[in-house]
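Here's the structure we're looking at; comments come further down.
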Amino acid sequence: MPEPAVVRPDLARPELATLERAELAGELAHWRAAARALTDLEVVAAPAAWAALESYLGLRLRDSVTTAVLAVLEAADRVQHALSVPADLADLRRAVAGVRARYLRAEMVVDFYGDAVNTRTSPRIGALLRGLDTLAVDSMDAVLRPLGIEVPPVLCYRDGGAGASILRWNAILWDASPAPVAAVKITHHNLRRPTSLVHETGHQVAHLTGWNPELGEALAAVLSPVDRDVAEVWRGWASEVAADVYAFALLGWAPLPALATVVGGSSSRVFRMVPGDPHPFGWIRVQFGAALCRSWFGPGPWDDLARVWAARHPPAEAPPDAVAVVRASLPRLADLADACTRTPMRAFGGRPLAALADPRRVSPAELSRLAARSGPALWTSAYLRRLESLRILAWGVLRDAGPPAPGVPDVPTWITRLGTEREAA
């Protein structure tokens, strides 16, 4: 074992102070050099990945990442000056430690965006993600523009795991700066049916409009006469219910099978209620999704999905807390659907969500009519691509669930073309 360090008793306090100042200067130089290295954005993410971003998006990200690092260097400059003049050693120690902490927070920001951008290194994946960026913006524009609310830029990135996620635009990052874009994670397994994208942008829309607390009140009002405890459970689920409802309003039935795949599993899993979790447990979430479809489209395949889930996971086998929610909620699902889509909300200027995003436009019948009316142009027309991007996505996801159609691109290919054509434009 190495010998323990020995403090020399012959050193006078001024000499110790000089040595410590030198040590602190060395530590500061280390963090300064590390911060300078982060300014090389071609190391943070590959040049090809940066090139796969829309120019405005790349500029926003580069500016934000660079600003985070420059703030560290500016802090280091101030401490460097303090080291060169008489100052209390305890203050200097705290100042150098502060630069270290600031660097590590900035590094988290740089690493997050660098990793996200780097998922675009492959030209094909870069075009696919660029197409998803466009769809994400379109999905928010449908509701935010009529309300006069700025539509945030979006960076989509690919990652593993079961579910998608979003880091909202203007959310406070690790270094206390606002997020320059909305960053949406798309999972590997759902690239063929990326309907979760609109669930995630629904979170952003709900935040910008202030919908979540208002929706929570409406959900609780439906269930309070039945069971006050269950009413409060639904109030706590409002943010995730809002995102599910938003995806339904813009894509119709298409998101529900994908959602069922993500939240499925054993009966113990689909009935599990985790205290404080904003997500409804899987069983009730699927049943509510089917109720939304039934409310707006009448009978359909969503009823079959609901029956299969009820047979596969009998509520009688659920834990007591989930049983209580099922018993109180199941008879009121239609009322909950009305509260979410037909009830006027301050968040939407005193209108219901359906006035801004009418679910009837994405019923299976309407999507089928759109496809029949458009013919092959559905997949090739630049006009339809800009006007009907979300309805084409919804139709493509539903169509891809059946046998392949000769000469018709699958969903990832269509989105990739969308991204490539957007780049060319």
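Predicted model, so just to flag it, every value in this text is computed and none were measured.
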Can you list everything that forms a salt bridge (Lys or Arg N to Asp or Glu O under 4.0 Å) with Asp338? Sequence neighbours excluded, please.
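Partners of Asp338 under the salt bridge (Lys or Arg N to Asp or Glu O under 4.0 Å) test: Arg342.
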
Could you tell me whether [X] and [Y] make a salt bridge, using a distance below 4.0 angstrom between a side-chain N and a carboxylate O?
X      : Y      : answer
Arg346 : Glu214 : yes
Asp358 : Arg361 : no
Asp400 : Arg193 : no
Asp138 : Arg386 : yes

Mind checking what makes ring pair (Phe, Tyr, Trp, His ring centres under 6.0 Å) contact with Phe288, not counting sequence neighbours?
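For Phe288 the ring pair (Phe, Tyr, Trp, His ring centres under 6.0 Å) partners, ignoring immediate neighbours, are Trp234.
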
Partners passing ring pair (Phe, Tyr, Trp, His ring centres under 6.0 Å) against Trp395 (at least two apart in sequence or in another chain):
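Testing Trp395 for ring pair (Phe, Tyr, Trp, His ring centres under 6.0 Å), a comparison that skips the adjacent residues, returns none.
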
Under 3.5 Å: donor-acceptor pair, side chain of [X], backbone of [Y]:
X      : Y      : value
Arg60  : Val181 : no
Thr119 : Ala116 : yes
His199 : Tyr246 : no
Ser139 : Ala136 : yes
Arg272 : Phe281 : no
Lys185 : Leu167 : no
Thr39  : Arg36  : yes

Going from [atom1] on [X] to [atom2] on [Y], what distance comes out if it is rounded to the nearest 0.5 angstrom?
X      : Y      : atom1 : atom2 : result
Leu251 : Leu135 : CG    : CG    : 9.0 Å
Ile392 : Ser374 : CD1   : OG    : 7.0 Å
Arg294 : Leu292 : CZ    : CG    : 9.5 Å
Thr195 : Leu250 : OG1   : CG    : 12.0 Å

Go through the steps for Leu53 and Leu155 under the test side-chain contact (heavy atoms from CB on, under 4.5 Å), then give the verdict.
CA-CA 8 Å; Leu53 295 172; Leu155 169 72; 3.5 Å; yes

Side chains of [X] and [Y]: does their closest heavy-atom pair fall under 4.5 Å?
X      : Y      : answer
Ser363 : Trp296 : no
Met140 : Trp169 : no
Val184 : Cys156 : yes
Arg158 : Arg120 : no
Pro180 : Leu61  : yes
Phe348 : Thr209 : yes
Thr416 : Pro409 : no
Met345 : Leu215 : yes

Which donor-acceptor pairs under 3.5 Å do the side chains of residues 65-77 make with protein atoms, sequence neighbours left out?
{"residue": "Thr66", "atom": "OG1", "partner": "Arg62", "partner atom": "O", "Å": "2.7"}
{"residue": "Thr67", "atom": "OG1", "partner": "Asp63", "partner atom": "O", "Å": "2.7"}
{"residue": "Asp77", "atom": "OD1", "partner": "Arg32", "partner atom": "NH1", "Å": "2.6"}

Could you walk me through whether Leu333 and Leu336 pass the side-chain contact (heavy atoms from CB on, under 4.5 Å) check?
CA-CA 5 Å; Leu333 289 181; Leu336 290 168; 4.0 Å; yes

Taking the six-membered ring for Trp, are Trp414 and Trp379 parallel (under 30°), tilted (30 to 60°) or perpendicular (over 60°)?
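Geometry flag for Trp379 against Trp414: perpendicular rings.
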
Fit a plane to each ring of Phe248 and Phe297, take the angle between them on a 0 to 90° scale, and name the class: parallel (under 30°), tilted (30 to 60°) or perpendicular (over 60°).
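Tilted, since the angle between the ring planes falls between 30° and 60°.
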
Non-neighbouring partners of Asp277 that pass side chain to side chain contact (heavy atoms under 4.5 Å, CB included), sequence neighbours left out
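So Asp277 forms a side chain to side chain contact (heavy atoms under 4.5 Å, CB included) with Val274, His279.
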
Do you know the tightest heavy-atom contact between [X] and [Y]?
X      : Y      : value
Pro152 : Leu208 : CG-CD1, 3.9 Å
Leu256 : Gly289 : CD2-C, 3.6 Å
Ala231 : Ala220 : CB-O, 3.5 Å
Ala48  : Thr121 : CB-O, 4.1 Å
Val230 : Ala324 : CG2-O, 3.7 Å
Arg351 : Ala355 : CB-CB, 3.9 Å

Please name the residue in the list Val241, Val286, Val233, Val325 that meets the side chain to side chain contact (heavy atoms under 4.5 Å, CB included) test with Pro280.
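For Pro280, the side chain to side chain contact (heavy atoms under 4.5 Å, CB included) check succeeds only for Val241.
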
Around atom NE2 of His81, are there more than 12 heavy atoms from other residues, nucleotides or ligands closer than 6.0 Å?
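Not buried by this count: 12 neighbours or fewer within 6.0 Å.
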
Under the criterion side-chain contact (heavy atoms from CB on, under 4.5 Å), I'd like the reasoning laid out for Trp211 against Leu353: C-alpha separation, chi angles, the key distance, then a yes or no.
CA-CA 10 Å; Trp211 186 26; Leu353 174 63; 3.8 Å; yes

Please table the atom pairs, donor to acceptor, closer than 3.5 Å between any side-chain atom in residues 90-110 and protein atoms at least two apart or in another chain.
{"residue": "Asp91", "atom": "OD1", "partner": "Arg94", "partner atom": "NH2", "Å": "2.4"}
{"residue": "Arg93", "atom": "NE", "partner": "Glu20", "partner atom": "OE2", "Å": "2.4"}
{"residue": "Arg93", "atom": "NH2", "partner": "Glu20", "partner atom": "OE1", "Å": "3.1"}
{"residue": "Arg93", "atom": "NH2", "partner": "Glu20", "partner atom": "OE2", "Å": "3.4"}
{"residue": "Tyr103", "atom": "OH", "partner": "Glu107", "partner atom": "OE2", "Å": "2.7"}

Determine whether the side chains of Arg385 and Thr380 contain a donor N or O and an acceptor N or O closer than 3.5 Å.
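Looking only at side-chain atoms, Thr380 and Arg385 do not form any donor-acceptor pair under 3.5 Å.
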
Does the side chain of Ser196 come under 3.5 Å of the side chain of Asn190 through a donor N or O and an acceptor N or O?
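Looking only at side-chain atoms, Asn190 and Ser196 do not form any donor-acceptor pair under 3.5 Å.
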
Ring centre gap for His207 and His203 strictly below 6.0 Å
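Ring-ring flag for His207/His203: false, centres at least 6.0 Å apart.
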
Walk me through whether Ile415 and Leu393 qualify under side-chain contact (heavy atoms from CB on, under 4.5 Å).
CA-CA 8 Å; Ile415 296 173; Leu393 172 64; 4.2 Å; yes

With ring pair (Phe, Tyr, Trp, His ring centres under 6.0 Å) as the test, would you mind laying out the steps for Tyr157 and Phe112 before giving the verdict?
CA-CA 11 Å; Tyr157 64 99; Phe112 174 79; 5.8 Å; yes

